[in-house]
Amino acid sequence: MLKRVVITGIGGICGLGTDAPAIWNEMRAGRSAIGPIDNPLLHDLKVKIGCEIKALPEHGIDRKQLVSMDRFSLLAVIAAREAMQHSGLTAHADNTYRMGTIVGVGVCGFEAVEENYRAILIEKKNRAGIFTVPKVMPGAASGQVSMHLGLRGPVFGVTSACSSANHAIASAVDQIRLGRADVMVAGGTDAPLVWGVLKGWEALRVLSPDTCRPFSADRQGLILGEGAGMAVLESYDHAMARGATILAEIAGTGLSADASDIVAPTIEGPEAAMRFCLADAGFNPEDVDYLNAHGTGTKANDQIETAAIKRVFGEHARSLSISSTKSMHAHCLGASGGLEMIACVMAIREGIVPPTANFREPDPDCDLDVTPNVARERKVRVAISNGFAFGGTNAVLAFKAI
C-alpha cells in the first residue's frame with residue numbers, strides 16, 4: 001500500500017498578499033490584484049498590465065546571500081520559510097537527510113539575464129556579474145530553499161512551464177511514497193514581469209489589454225503575475241507521530257502529455273491527466289466538490305478545458321463547483337499551481353469556493369458552474385487542481401479533507 005501524504009504547512013507570496021492567510025483572504029473576497037506594472041524598465045510594451053508584488057515583506061536575508069539570488073529564488077525562500085514555520089518543523093541533525101525540497105519554475109532568472117544584458121550592451125561593461133550562473137539556473141530556487149531551511153534529502157528543480165508547481169508537488173509525493181524522505185517542501189515560483197519575458201508573451205498575442213476574466217464570453221487573454229506558493233508535505237505516519245495539524249491530504253496525482261503541439265492544447269491530454277489523478281486517489285467523478293481550473297482566460301484554453309472536464313465528470317460536471325483564481329493572482333507561470341494549492345487547501349478547510357473574478361458574460365462554450373465573482377459556501381471534501389502547460393505537459397492534483 002502506498003504511503004499517505006499530507007500537508008502540514010503552506011506559504012505564499014504574490015500580488016494578492018505576502019503570506020498565505022493574506023492571499024486566501026483576497027481570494028475569498030474575490031478581489032483581483034491585477035493592474036498597471038510599476039517598472040520604469042518596461043519600455044516599448046503594448047501591454048503593461050500584470051499582477052505585481054508591490055513591496056516584499058521583511059525577510060531578514062543577509063545581503064551576502066541576496067547577491068546570489070534572483071527574484072524567483074527569493075520568492076521561493078520567503079514562501080518556503082512561511083510553510084515550514086506553519087508546519088512547526090525544523091531541520092536538525094537527526095532528520096535533515098529525511099527532508100527535501102522540489103521547486104517548480106517556468107522561466108527562471110530573467111531578472112539577472114536582463115541586468116547583464118543592460119550592463120554589457122548598454123553600459124558597455126566588459127563582463128557579466130559573478131553570480132549570474134547560480135542566479136539563472138532553473139534549480140537555483142530549490143537549492144536556495146534547501147540551504148535556508150537546512151534540508152539535505154532529495155533536492156532538485158522541476159521545469160515544465162505552467163504546470164511546473166503541480167509537477168513539483170507530484171514529484172515530492174513520489175519521494176515520500178518511495179520512502180526516500182519523510183518531509184518534502186514543494187511548490188512553485190516565478191518572477192516573469194521583466195521586459196524580455198513580457199515582450200515574448202506579447203508576440204504570442206495572448207495577453208489581455210485590461211484584466212483576466214476566465215470563462216467569460218468577453219475574455220481577451222491572460223495576464224502574467226509573479227509569486228510563489230509552497231507546501232510542507234509529510235507522510236501521514238510522520239505527521240501523526242509528532243502530533244501535527246494536518247491541513248489536507250494529497251490523495252492523488254495524474255500526469256500526461258499531449259504529444260501534439262508546442263503551444264496548442266488538446267482535449268485528450270488534460271482529460272487523461274484528470275482521469276489518472278482520480279484513479280490514483282481512488283475517487284469517482286462525483287466525489288469531487290471543487291475544481292480549481294487551469295483557466296487562463298484565453299479563448300482556446302478555456303473552451304478546451306471545459307470540454308475535457310465534461311468528458312471526465314459527465315453529468316457531475318453540472319454540479320461541480322469550478323473557479324479560476326488566476327482571475328485574481330494572474331498567471332504566475334511556474335508558481336500558479338502553488339498558489340492554486342493554497343486555494344484548494346483553504347477551500348477544504350473553510351468550506352468556501354473562491355470565485356472567478358472579473359466574470360461578465362456566460363459563454364455557451366464554457367457552460368460550467370464557474371462560480372462567478374462571489375465566493376460560495378459549500379462543503380468541500382475533495383478538491384482538484386488542474387495544471388496544463390505549453391509543450392502539452394499536464395499535471396493534476398487531488399486534495400481531500402482528513
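The residues of the chain are indexed from 1 along the displayed sequence.
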Shortest non-hydrogen contact between [X] and [Y], atoms and distance:
| X | Y | answer |
| --- | --- | --- |
| V103 | A168 | C-CB, 4.1 Å |
| V107 | L333 | CG1-CD1, 3.9 Å |
| A389 | S160 | CB-O, 3.2 Å |
| F215 | A293 | CZ-CB, 3.8 Å |
| T18 | I13 | CA-CG1, 3.9 Å |
| F276 | G254 | CB-CA, 3.9 Å |

Under-4.0 Å salt bridge between E361 and R213: no

Salt-bridge present (D70, K135; N to O < 4.0 Å): no

Qualifying side-chain hydrogen bond (donor to acceptor under 3.5 Å, both in side chains) pairs with a residue from residues 391-402, counting only residues at least two apart or across chains: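 Output for this query lists S163-T393, S256-N394, D258-N394.
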
Residue pairs fulfilling side-chain hydrogen bond (donor to acceptor under 3.5 Å, both in side chains) with at least one residue in residues 77-89, sequence neighbours excluded: none

Neighbour count >12 (heavy atoms, 6.0 Å) for atom [atom1], [X]:
| X | atom1 | value |
| --- | --- | --- |
| R31 | CZ | yes |
| L41 | CG | yes |
| Y97 | OH | no |
| F283 | CZ | yes |
| K54 | NZ | yes |
| F156 | CZ | yes |

Are any non-hydrogen side-chain atoms of [X] and [Y] less than 4.5 angstrom apart?
| X | Y | value |
| --- | --- | --- |
| I130 | V67 | no |
| I384 | C277 | yes |
| I23 | H329 | no |
| V185 | M84 | yes |
| E350 | R28 | yes |
| N39 | V194 | no |
| D363 | R219 | yes |
| Y236 | I402 | yes |

Whether the side chain of [X] engages the backbone of [Y] through a donor-acceptor N/O pair (distance < 3.5 Å, no angle test) should be reported.
| X | Y | value |
| --- | --- | --- |
| R318 | D367 | yes |
| T96 | H92 | no |
| E202 | L207 | no |
| N95 | T90 | yes |
| N292 | C344 | no |
| E52 | G15 | no |
| E226 | I53 | yes |
| K299 | A217 | yes |
| Q220 | P209 | no |
| T159 | V105 | yes |

Between [atom1] of [X] and [atom2] of [Y], what distance do you get to the nearest 0.5 Å?
| X | Y | atom1 | atom2 | result |
| --- | --- | --- | --- | --- |
| C51 | I49 | SG | CD1 | 11.0 Å |
| R152 | T101 | CZ | OG1 | 14.0 Å |
| F72 | C332 | CZ | SG | 15.0 Å |
| L2 | I176 | CG | CD1 | 12.5 Å |
| I322 | I309 | CD1 | CD1 | 4.0 Å |
| I348 | D289 | CD1 | CG | 8.5 Å |

Would you mind writing out the side-chain donor-acceptor pairs for residues 244-252 within the sub-3.5 Å range, not counting sequence neighbours?
from, atom 1, to, atom 2, distance (Å)
E249, OE1, R4, NE, 3.4
E249, OE1, R4, NH2, 2.9
E249, OE2, R4, NE, 3.2

Any donor-acceptor pair under 3.5 Å linking the side-chain atoms of [Y] with those of [X]?
| X | Y | answer |
| --- | --- | --- |
| S164 | H167 | no |
| S323 | Y290 | yes |
| S216 | R360 | no |
| N358 | S327 | no |
| S208 | D210 | yes |

Pair F110-W201, ring-ring contact (aromatic ring centres under 6.0 Å, His included): steps then yes or no: CA-CA 14 Å; F110 268 83; W201 278 91; over 10 Å; no

Those residues that, when tested against E123, pass salt bridge (Lys or Arg N to Asp or Glu O under 4.0 Å) (two or more places apart):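 By the salt bridge (Lys or Arg N to Asp or Glu O under 4.0 Å) rule, E123 matches K125.
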
Qualifying residues under salt bridge (Lys or Arg N to Asp or Glu O under 4.0 Å), relative to D19, sequence neighbours excluded: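 Result, salt bridge (Lys or Arg N to Asp or Glu O under 4.0 Å) vs D19: none returned.
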
Working for side-chain hydrogen bond (donor to acceptor under 3.5 Å, both in side chains), residues D182 and S235: CA-CA 6 Å; D182 300 314; S235 71; 4.8 Å; no

Derivation of the side chain to side chain contact (heavy atoms under 4.5 Å, CB included) call for F399 and S385: CA-CA 8 Å; F399 306 88; S385 177; 4.0 Å; yes

Audit row: R180, D174, salt bridge (Lys or Arg N to Asp or Glu O under 4.0 Å) steps and yes/no: CA-CA 9 Å; R180 293 175 177 151; D174 288 344; over 6 Å; no

Audit row: H331, H294, ring-ring contact (aromatic ring centres under 6.0 Å, His included) steps and yes/no: CA-CA 9 Å; H331 196 346; H294 186 60; 5.5 Å; yes

Partners passing side chain to side chain donor-acceptor pair (under 3.5 Å) against D190 (at least two apart in sequence or in another chain):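 Checked D190 against side chain to side chain donor-acceptor pair (under 3.5 Å); zero matches.
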
Aromatic ring pairing H43/W195, orientation class (parallel under 30°, perpendicular over 60°, tilted between): parallel

